[in-house]
There are 4 protein chains.
Amino acid sequence: MRYQRSRLMQERLADNRQRILLSARKLVSEGGFRAAQIAAVATDAGLSTGSIYRYFPSKAELFVEVLGEAVRHEIDILRALVQAPGSAAQRLQRAVESFAGRAFDGPFLAYAFIAEPADQEVDAERIRARRAFGDVFETVLHQGIASGEFPPQNADVAAACIVGAFTEALIGPIGHARGSRQDRGEVIRTISRFCLQAVSGRQEVPAAPGKARRRRA
Amino acid sequence: MRYQRSRLMQERLADNRQRILLSARKLVSEGGFRAAQIAAVATDAGLSTGSIYRYFPSKAELFVEVLGEAVRHEIDILRALVQAPGSAAQRLQRAVESFAGRAFDGPFLAYAFIAEPADQEVDAERIRARRAFGDVFETVLHQGIASGEFPPQNADVAAACIVGAFTEALIGPIGHARGSRQDRGEVIRTISRFCLQAVSGRQEVPAAPGKARRRRA
Amino acid sequence: MRYQRSRLMQERLADNRQRILLSARKLVSEGGFRAAQIAAVATDAGLSTGSIYRYFPSKAELFVEVLGEAVRHEIDILRALVQAPGSAAQRLQRAVESFAGRAFDGPFLAYAFIAEPADQEVDAERIRARRAFGDVFETVLHQGIASGEFPPQNADVAAACIVGAFTEALIGPIGHARGSRQDRGEVIRTISRFCLQAVSGRQEVPAAPGKARRRRA
Amino acid sequence: MRYQRSRLMQERLADNRQRILLSARKLVSEGGFRAAQIAAVATDAGLSTGSIYRYFPSKAELFVEVLGEAVRHEIDILRALVQAPGSAAQRLQRAVESFAGRAFDGPFLAYAFIAEPADQEVDAERIRARRAFGDVFETVLHQGIASGEFPPQNADVAAACIVGAFTEALIGPIGHARGSRQDRGEVIRTISRFCLQAVSGRQEVPAAPGKARRRRA
DNA sequence: CATGAATGAGAATTCATTCAT
DNA sequence: TATGAATGAATTCTCATTCAT
């Protein structure tokens with residue numbers, strides 16, 4: 001006797017959930033966790049505060065998901081690049097440039113990813129995220145070391161250095177790259193060369209410019 | 001008599017101010033900004049909450065100064081190393097290792113330095129701090145490029161990469177170096193080689209181990 | 001055809017109403033009023049929250065009826081026992097033991113009956129309920145006093161004492177009888193003797209054990 | 001160098017704490033836990049909501065103390081009466097009448113004592129309270145049984161019955177004694193005789209009337 | 001008619017800042 | 001001048017009730 005939940009309804013529900021996630025993401029990226037109170041998220045999403053709790057059990061869970069969703073997407077892309085054919089150096093370069101490019105375009109992820117959140121649960125998710133990124137880079141480093149492309153090195157620490165390097169360069173406050181005060185391609189190539197030289201110990205000729213096209217996030 | 005009392009008074013005032021700063025710093029380093037409420041700082045400093053406001057106009061100003069003080073100290077050390085005689089590579093290496101070593105030993109500075117503070121004013125100070133560190137490294141890079149030691153590169157962005165690399169490696173959550181799970185010297189040498197190779201494009205033979213002595217912060 | 005549908009409909013309506021009452025009762029008995037939110041009742045009854053409001057104008061009214069229904073059932077049984085033939089003492093004993101036995105088996109009624117409800121309206125119903133129980137016992141007391149079986153006494157207050165005595169003994173927190181830590185028969189006989197002696201002022205020989213059979217609520 | 005906290009100050013502090021407890025107690029006794037929100041307590045005590053938390057860590061702790069304080073006071077009185085010289089029956093009678101008298105005068109304690117609180121911690125305290133009262137009566141019962149004054153009986157359950165009996169008679173909603181619709185002495189004597197006859201199985205001649213004087217709580 | 005998503009008025013709690021003593 | 005008690009705005013979360021579909 002249950003009424004069939006109409007397709008429209010289902011869409012609206014999924015829609016709301018997504019809108020909440022987007023609003024939360026937007027607010028954090030614009031004003032940090034400070035600016036992302038439940039009430040603000042609700043208003044931005046066009047809902048009441050109570051409705052947020054229909055979709056997420058708590059503020060912490062909401063932001064864990066915001067972070068997790070962004071990270072998962074990023075990791076998927078990185079893993080694909082890292083598993084593609086090519087030398088370790090090429091694959092590392094592609095991964096760094098791809099990541100850096102998106103971070104340049106939409107500083108949100110990297111921002112949330114650096115920020116100290118107000119909540120322990122979110123903090124834990126942030127740690128998982130950083131470790132996940134590091135793991136991807138560590139994989140290529142190990143492959144490069146094994147194949148003799150890269151000299152032996154502490155891949156663990158080096159991977160952390162890579163993550164830190166472009167994080168800081170792109171979104172950290174001294175990242176002069178902020179906005180578009182510097183040429184996108186130039187910044188990204190600098191970062192990728194930095195990382196490649198760092199792990200290979202060889203002078204790297206940056207990939208032909210113009211390949212990494214600007215793409216909106 | 002009156003003069004004497006006044007001098008004592010002044011000393012006590014200066015003393016209290018310093019004690020407040022130290023307590024604030026200690027609390028942040030131990031538990032983050034979350035743990036550094038005015039009341040806690042006051043208790044730790046052996047003063048009343050009201051007294052804090054005799055020395056600092058607001059919580060934000062207090063923490064701006066906490067951060068600023070720590071950074072100034074660090075910058076002084078770095079600048080001395082950078083202005084000492086030696087090749088650009090040597091000076092860069094010394095600066096990186098010195099900074100990294102202190103961060104390894106006492107994660108406070110680096111922590112506060114990454115943390116998203118509760119307050120916009122503190123945030124602004126954090127930006128200044130990161131920029132100041134970057135500037136020091138940028139200086140050496142420019143010198144190295146000018147002297148031909150380093151290939152031409154975007155020194156601005158590269159400096160940010162350096163700061164980011166060791167920040168993440170040492171105190172970021174994937175910094176496996178946390179605690180003492182990894183050998184201090186090994187971690188620091190990995191980082192310094194990473195940075196040197198990154199900017200020089202040459203395989204670097206790390207400095208003889210044992211030179212960088214452990215020192216408590 | 002239309003008539004048939006209508007009858008089915010009516011049956012379904014009555015059915016739903018009953019299911020809601022049962023679910024509400026079950027939830028209160030298991031977790032107190034705390035656990036009996038409208039949404040939980042609806043889920044348990046296999047209906048939507050909105051539907052609850054088709055059958056009951058408000059949460060308060062629902063629980064007033066839950067309580068009232070349970071009490072009415074209990075009162076019917078008690079009245080039958082009290083109007084049966086026999087001495088006042090016998091009838092009183094039967095009533096007390098019958099009530100106590102059901103309370104021992106299914107603490108729901110007694111629980112709701114003591115609990116401070118979330119709502120004033122339910123509170124009022126609770127008062128009516130207690131008064132109704134008291135009235136039944138008062139009736140027997142009056143009869144016993146009239147017949148000379150019991151000494152003259154304030155039947156009103158004594159009836160309240162009876163209700164309080166077994167309520168507390170059976171479900172109050174010091175009612176060690178909770179669960180089955182004590183022998184059911186023993187507890188019930190103690191209570192009934194307590195009440196009988198209290199009103200008769202004579203040593204009572206408890207009824208032969210084994211008469212009051214355990215029955216699930 | 002600490003300023004001496006003035007006696008006045010100390011008095012004011014102790015005063016506030018006491019005022020909060022009194023306000024909380026008053027509100028519960030008047031309108032149940034429903035009416036005792038932190039904001040209401042604060043207003044009643046002439047303080048801000050925040051100030052409540054200077055004196056009590058949480059709402060639950062506040063009400064645990066409200067209940068505990070009242071109970072401790074009551075238990076002290078009961079224990080003194082129970083340990084005084086005299087027969088078990090006399091001591092039991094004095095205890096019951098004393099307790100009943102105060103409950104008649106100020107229904108607060110007994111009310112809170114029956115109410116189902118909104119909070120588990122308070123609930124736990126309530127259970128302790130009831131058990132404590134029961135224990136006092138159980139003690140006299142055991143003594144009376146040992147001395148042959150009372151017939152052998154389950155003292156545990158009987159003690160619960162006593163507590164329940166006058167609780168219900170006095171403050172329970174069927175306690176017609178509410179307000180002063182019935183004569184105070186008459187009600188109290190009825191209760192005490194009820195309890196005495198219940199445990200002794202003998203007709204009790206109530207203590208000479210006029211002895212139990214009305215006293216404000 | 002049934003549904004269940006949306007609402008929004010509370011309620012508890014925290015903590016920077018003020019100010020009477 | 002130092003103190004720390006008092007303040008109260010801000011924030012998260014709950015749940016009875018309504019109403020568009």
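Below, chains carry the letters A, B, ... as their sequence lines are ordered, and counting in each starts from 1. Values in this document were obtained by computation on a predicted structure and should not be read as measured data.
For the pair D:Tyr55 and B:Arg54, nearest-nucleotide mapping onto DNA chain F gives the more 5' position to B:Arg54. Nearer to the 5' terminus of DNA chain F, by closest-nucleotide assignment, is the contact made by D:Asn16 (compared with the other of D:Asn16 and A:Ala36).
Atom CG of D:Leu27 and atom P of E:dA11 are 13 Å apart (whole Å). The CZ-C1' distance, from B:Arg17 to F:dA2, rounds to 18 Å in whole Å. Whole-Å rounding puts the C:Phe56 CZ to F:dT17 P distance at 13 Å. As a whole-Å value, the separation of A:Ile20 CD1 from E:dA5 P is 12 Å.
For B:Gln37, the side-chain contact (heavy atoms from CB on, under 4.5 Å) criterion is met by B:Ala40, not counting sequence neighbours. Every residue two or more places apart in sequence or in another chain that forms a side-chain hydrogen bond (donor to acceptor under 3.5 Å, both in side chains) with A:Ser48 is listed here: A:Ser51. With sequence neighbours excluded, the residues that form a side-chain contact (heavy atoms from CB on, under 4.5 Å) with D:Tyr55 are D:Leu13, D:Asn16, D:Arg17, D:Ile20. Partners of B:Ser58 by side-chain contact (heavy atoms from CB on, under 4.5 Å), not counting sequence neighbours, listed by chain and number: B:Ala60, B:Glu61. Listed by chain and number, the residues in a side-chain contact (heavy atoms from CB on, under 4.5 Å) with D:Asp15 are D:Arg19 (sequence neighbours excluded). Residues that satisfy the side-chain hydrogen bond (donor to acceptor under 3.5 Å, both in side chains) test with C:Thr49, not counting sequence neighbours, are absent from this structure. The side-chain hydrogen bond (donor to acceptor under 3.5 Å, both in side chains) check on B:Glu69 picks up B:Gln18, with sequence neighbours excluded.
Stems are defined here as 3 or more consecutive Watson-Crick or G-U wobble pairs with pairing distances under 3.5 Å; those involving DNA chain F are E:2-21 with F:2-21.
Counting non-hydrogen atoms under 4.0 angstrom, A:Ile52 reaches nothing in the nucleic acid.
Out of E:dG4, E:dA5, F:dG4, the shortest distance to the side chain of C:Ser48 is found at E:dG4.
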Polar pairs (N or O, both sides) under 3.5 Å between protein and nucleotides 13-15 of chain F?
from   : atom 1 : to      : atom 2 : distance (Å)
F:dC13 : OP2    : A:Tyr53 : OH     : 2.6
F:dC13 : OP2    : A:Lys59 : N      : 3.0
F:dC13 : O5'    : A:Tyr53 : OH     : 3.3
F:dC15 : OP2    : C:Gln37 : NE2    : 3.4

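Closest approach of D:Asp44 and D:Lys26 over heavy atoms only: OD2-NZ, 2.7 Å.
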Could you walk me through whether A:Phe33 and A:Val122 pass side chain to side chain contact (heavy atoms under 4.5 Å, CB included), step by step? CA-CA 11 Å; A:Phe33 280 93; A:Val122 183; 4.0 Å; yes
